[in-house]
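First up is the structure itself, then whatever we jot down about it.
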There are 2 protein chains.
Amino acid sequence: MPEESLSRGEQTRTDIIQAAHELFIRQGYHGTSMRQIAKKAGIALGGLYNHFDSKEDVFKEVFLEYHPYREVLPAVLAARGNTIEELLRDTVSRMIAALQDRPKFMNLMFVEVVEFDSIHARELFASMLPQIVGVVQRTLGEGREELRPIPLMMLIRAFFGLVFSYFLTEIIFAEASPPEFREDAIDYLIDIFLHGVLKEPEILEG
Amino acid sequence: MPEESLSRGEQTRTDIIQAAHELFIRQGYHGTSMRQIAKKAGIALGGLYNHFDSKEDVFKEVFLEYHPYREVLPAVLAARGNTIEELLRDTVSRMIAALQDRPKFMNLMFVEVVEFDSIHARELFASMLPQIVGVVQRTLGEGREELRPIPLMMLIRAFFGLVFSYFLTEIIFAEASPPEFREDAIDYLIDIFLHGVLKEPEILEG
DNA sequence: CCTACCGATCGGTAGG
DNA sequence: CCTACCGATCGGTAGG
């Protein structure tokens, strides 16, 4: 949404959430002070409390505003392919590309898991699950027969795991590995995943 | 090592690290105070500084003492199997079982990634990589031919990803999913992984 | 290893 | 939305 369409109050609120997000993913929740957030948002400390009740309230809003669903859903909906394999490959590529622009997106979840014991993450996921299942079912369509007999929930979980593990191992392997081991990393991980869920991944055998 | 073999100073140091670990994985680094650590370790605040130079120094020692390698290495070395498939299955089972006792082991890594920008994690991993590669090569042995042609680093990365993603999705899926979707979760994830890396996973096809 | 203390900073609020 | 302030707590240290 364009900034011009926001009232002054809405614009300030947006600025606060954006500032808080940048600080939370780099310093954690307790490592970020309300004064830092206020300064980055361009207002005085007291002004924060015209928009939010407490620091925790700020975090909740940041968490809802910046969780990766925003990038993930459009990527899944835009994906195309004549076979399940092509479709899954295109979906993962789009998701990775969309999330690549925001490389620290997992940090927000990490902060939530540690400092809030995952309560927001679990609640959010539970509320989104029906929609996720629906999208996955529609996306797979009849092509489901090309897949090995794996429960839908396990497919979803393995798919999440694929994306998670790519970004997580990217963080750790980044410096230690020679470049040639990293460039095609996502292609290899996708290959392994597809080979793992497809009945006959012909293209991969070549 | 038995507690009796520790001098009083060594015992206190161990108590401090253990206390700090429990607090860091639940509250993060900045969310934990030196006073909390001292209280939990049973000494006064000032006493901490006879053993550690600073709070960051405490964290570094905790990180080195409690990273998952301690559980992972014995699990890999103890694994047995007549085929690569049996071997991989046994390895993963042992690793998961060993780490299950310490369900928040990933939190320490999350804290490090967010609040220290992964510097310790990357350094640790880089220093362990040669040993990891050696263990993996010895473990796979000649059975390497049973695997699809995937670079060794990618096998390691996918294997890490399997374990990471299991624990990470367990956190989020836990509440939202009916029990029947979770009980065999690790078996399904291992199946997908094995099917993804093996040339002919005969047992799985049945 | 403890007591007592340092300056700095914390989340939050009153009042305008 | 800001200024000025609250009590509480922070990491760390001096001195014993």
Compare all side-chain heavy atoms of Ile17(A) with those of Val58(A) and state whether any distance is below 4.5 angstrom. no
Chain B contact limits on DNA chain C, taken 5' to 3' with a cut-off of 4.0 angstrom to heavy atoms: dC1(C) to dC5(C)
Which atom pairs, one a donor and one an acceptor, fall under 3.5 Å between side chains of residues 94-106 of chain B and the rest of the protein, sequence neighbours left out?
residue	atom	partner	partner atom	Å
Arg94(B)	NE	Asp90(B)	OD1	3.4
Arg94(B)	NE	Asp90(B)	OD2	3.0
Arg102(B)	NE	Glu71(B)	OE2	2.8
Arg102(B)	NH1	Tyr66(B)	O	3.1
Arg102(B)	NH2	Tyr66(B)	O	3.2
Arg102(B)	NH2	Glu71(B)	OE1	3.0
Arg102(B)	NH2	Glu71(B)	OE2	3.1
Lys104(B)	NZ	Asp117(A)	OD1	3.0

Strictly by modelled atom types, are His30(A) and Glu115(A) linked by a side-chain donor-acceptor pair under 3.5 Å? yes
Anything below 3.5 Å on both distances counts as a pair; with that, list the stems of at least three consecutive Watson-Crick or G-U pairs involving DNA chain D. C:1-16 with D:1-16
Classify the angle between the aromatic ring planes of Phe110(A) and Phe110(B) as parallel (below 30°), tilted (30 to 60°) or perpendicular (above 60°). parallel
I'd like to check the side-chain contact (heavy atoms from CB on, under 4.5 Å) partners of Ile150(A); sequence neighbours left out, ordered by chain and number. Arg148(A), Met154(A), Leu155(A), Val197(A), Tyr188(B), Ile192(B)
Aromatic ring pairing Phe59(B)/His120(B), orientation class (parallel under 30°, perpendicular over 60°, tilted between): tilted
For residues 43-56 of chain B, run the donor-acceptor check on the side chains, cut-off 3.5 Å, and write out each pair with its distance to 0.1 Å, sequence neighbours left out.
residue	atom	partner	partner atom	Å
Ser54(B)	OG	Asp57(B)	N	3.2
Lys55(B)	NZ	Tyr29(B)	O	2.9
Lys55(B)	NZ	Thr32(B)	O	2.6

So, Asp191(B) and Arg89(B), do they make that salt bridge, N to O below 4.0 Å? yes
When you compare the side chain of Arg80(B) with that of Glu86(B), does any pair of heavy atoms fall below 4.5 Å? no
Minimum heavy-atom separation for Ala185(A) and Arg157(B), please, with both atom names. CB-NH1, 3.4 Å
Residues from residues 26-45 of chain A sitting under 4.0 Å of DNA chain D, heavy atoms only? Arg35(A), Ile43(A), Ala44(A)
